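Nothing here was measured: the structure is a model prediction, and the numbers come from that model. We name chains A, B, ... by the order of the sequence lines, and we start the count at 1 in each one.
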Amino acid sequence: MARKVSEINASSVADIAFLLLIFFLVATTMDVDSGLSRKLPPMPEPGAEQDNKQIKERNIFVVLINANDQLMVEGKQMDVHNLRKETKEFIVNPSDKENLPEKELREIDYFNEVMVPKGIVSLMNDRGTSYGLYITVQNELIAAYNEVRDELAMTKFGKHFEGLPEDKQDAIKAFYPQIISEAEPKNIGGN
Amino acid sequence: MAKFGRKGKGGVPEISTASLPDIIFMLLFFFMVTTTMRETTIMVQQKLPGATEVKKMERKSLVSTISMGSPKIALQGMYGSEPRIQLNDAFAKVSDIRDYITAERENMDERERPLMTVSLKVDTKTQMGIVIDVKQELRKASALKINYSTRKVETIE
């Protein structure tokens with residue numbers, strides 16, 4: 001005759017599981033790191049020749065931020081909210097203006113030979129600039145490039161930039177290369 | 001009559017709690033999978049700036065974090081209110097960054113070292129001076145991939 005084994009009381013399993021659950025809730029974080037990715041220029045080799053390639057003034061979009069968090073773009077004071085529009089106009093140069101970047105003929109996949117504007121953005125800030133404004137400006141510059149690329153993707157391929165296959169994305173990136181150069185910092189505002 | 005006498009007595013039958021542990025275990029596994037261990041206690045005030053063009057960072061194992069900001073109010077008596085750099089669990093000097101990067105790189109798989117990203121978590125109100133110093137140090141340590149940690153917002157202020 002088989003002996004009847006009494007059942008183990010399982011009512012405390014729930015409590016144990018609760019305990020573990022609470023431990024994990026406290027000890028872990030859920031936030032995913034997200035932010036603006038940038039690449040720093042490598043440190044120039046000591047003794048290496050300085051690359052003093054002259055760039056025409058019209059090809060540079062100068063953005064300056066001073067220690068009082070004021071913005072100067074191409075010699076004019078500007079509100080940060082207008083920066084995106086202004087940057088987009090600079091990158092594209094839709095009406096071939098004299099003071100906006102010149103265009104050069106280049107061979108790009110999917111586009112064959114096209115006139116590509118060759119503007120670069122130069123950003124300079126002071127040691128006293130607040131980090132918040134710096135990020136806002138960086139964000140606006142990146143946003144301008146993203147919007148310009150997206151518009152090109154729309155007219156050329158009829159799709160958003162994000163939805164394109166990689167080779168088409170590369171073609172668009174080659175059309176509007178994102179060059180944001182940061183000048184060596186200056187210390188004018190004190191600190 | 002006795003046949004029906006029992007009914008109606010004893011009220012509502014008890015709800016079985018036998019499946020409760022299963023439900024809790026399910027929650028537990030969900031949290032174990034979606035979250036990551038908190039590695040450091042942050043000792044600086046951190047209100048990250050908002051940005052609209054944020055991208056998620058793909059792999060946490062490739063990310064080293066440098067935090068900057070004023071020390072938390074409770075710690076200001078000891079450390080003052082000037083913005084400081086925090087590496088791992090302690091405040092550090094700008095000159096410590098190179099050693100930190102080297103150590104972080106040593107911990108990584110050799111194939112993954114070129115993909116290393118440094119995440120800069122900087123308080124909005126910090127002045128750029130300290131950030132510039134850190135960036136120069138990172139350039140010297142050839143840790144060139146950086147990420148400015150931001151919150152995702154719909155429109156900028």
Side-chain angles (χ1 to χ4, degrees), chain A residues 10-44 65 67 80-81 83-84 125-147 182 184-185 187 189 191, chain B residues 17-18 20-25 27-28 31-32 34-39 47-57 60 63 65 68-69 83 117 119-133 135-136 138-152 156-157:
Chain A
S11 62
S12 55
V13 175
D15 301 344
I16 297 165
F18 257 123
L19 212 75
L20 280 169
L21 177 66
I22 289 163
F23 168 75
F24 271 95
L25 278 175
V26 172
T28 60
T29 47
M30 208 157 175
D31 57 317
V32 193
D33 269 340
S34 59
L36 306 173
S37 286
R38 301 252 44 120
K39 208 155 177 155
L40 294 171
M43 213 62 180
I65 321 169
V80 75
H81 294 94
L83 182 61
R84 192 184 295 202
N125 56 277
D126 193 88
R127 291 184 70 89
T129 308
S130 83
Y131 180 73
L133 183 73
Y134 173 76
I135 287 298
T136 311
V137 168
Q138 282 266 8
N139 180 57
E140 288 307 281
L141 296 176
I142 296 169
Y145 273 102
N146 287 350
E147 281 182 19
E182 280 186 67
E184 296 291 323
N187 187 11
N191 284 288
Chain B
T17 54
L20 189 64
D22 303 343
I23 297 164
I24 304 303
F25 266 117
L27 277 172
L28 177 66
F31 276 100
M32 279 172 76
T34 55
T35 62
T36 45
M37 274 289 179
R38 209 189 287 263
E39 272 155 25
K47 187 176 175 293
L48 296 175
T52 54
E53 308 297 309
V54 294
K55 285 214 178 78
K56 272 191 188 142
M57 284 210 276
K60 255 204 156 139
V63 178
T65 309
M68 276 170 267
T117 309
S119 166
L120 296 178
K121 293 195 172 173
V122 188
D123 189 76
T124 320
K125 291 203 287 290
T126 319
Q127 294 188 326
M128 280 303 289
I130 190 168
V131 184
I132 289 166
D133 292 340
K135 272 161 69 179
Q136 291 293 338
L138 288 176
R139 282 175 69 187
K140 283 181 203 155
S142 351
L144 300 177
K145 280 178 74 141
I146 59 166
N147 184 294
Y148 299 107
S149 213
T150 51
R151 289 175 295 118
K152 171 112 179 106
I156 55 155
E157 291 139 40

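- Of the possible donor and acceptor atoms, one in the side chain of B/R139 sits under 3.5 Å from a partner among the backbone N and O of A/P41.
- For a residue to count as touching a neighbouring chain, one of its non-hydrogen atoms must lie under 4.5 Å from one of that chain's; by this rule B/D123 touches chain A with the backbone only.
- The candidate with the highest count of non-hydrogen atom pairs below 4.5 Å against chain A, out of B/L27, B/L28, B/T65, B/T34, is B/L28.
- Interface residue A/I135: only side-chain heavy atoms are found under 4.5 Å from chain B.
- Of the two parts of B/V131, only the side chain, counted from C-beta on, holds a non-hydrogen atom closer than 4.5 Å to a non-hydrogen atom of chain A.
- For B/S142, no part sits under 4.5 Å from any heavy atom of chain A, backbone or side chain.
- The distance from the CD1 atom of B/I146 to the CZ atom of A/R38 is 8.0 Å, given to the nearest 0.5 Å.
- Heavy-atom pairs under 4.5 Å with chain B were tallied for A/I142, A/L20, A/I16; the largest tally goes to A/L20.
- Comparing B/L20, B/V54, B/V122 by how many heavy-atom pairs each has under 4.5 Å with chain A, the most go to B/V122.
- Summarising the geometry, atom OH belonging to A/Y131 is positioned 12.0 Å from atom CD1 belonging to B/I132; distances are rounded to the nearest 0.5 Å.
- In this structure, B/M128 and A/D126 have side chains that are not in contact, with every pair of non-hydrogen atoms separated by 4.5 Å or more.
- Using a 4.5 Å cut-off between heavy atoms, A/F18 touches chain B through backbone and side chain atoms alike.
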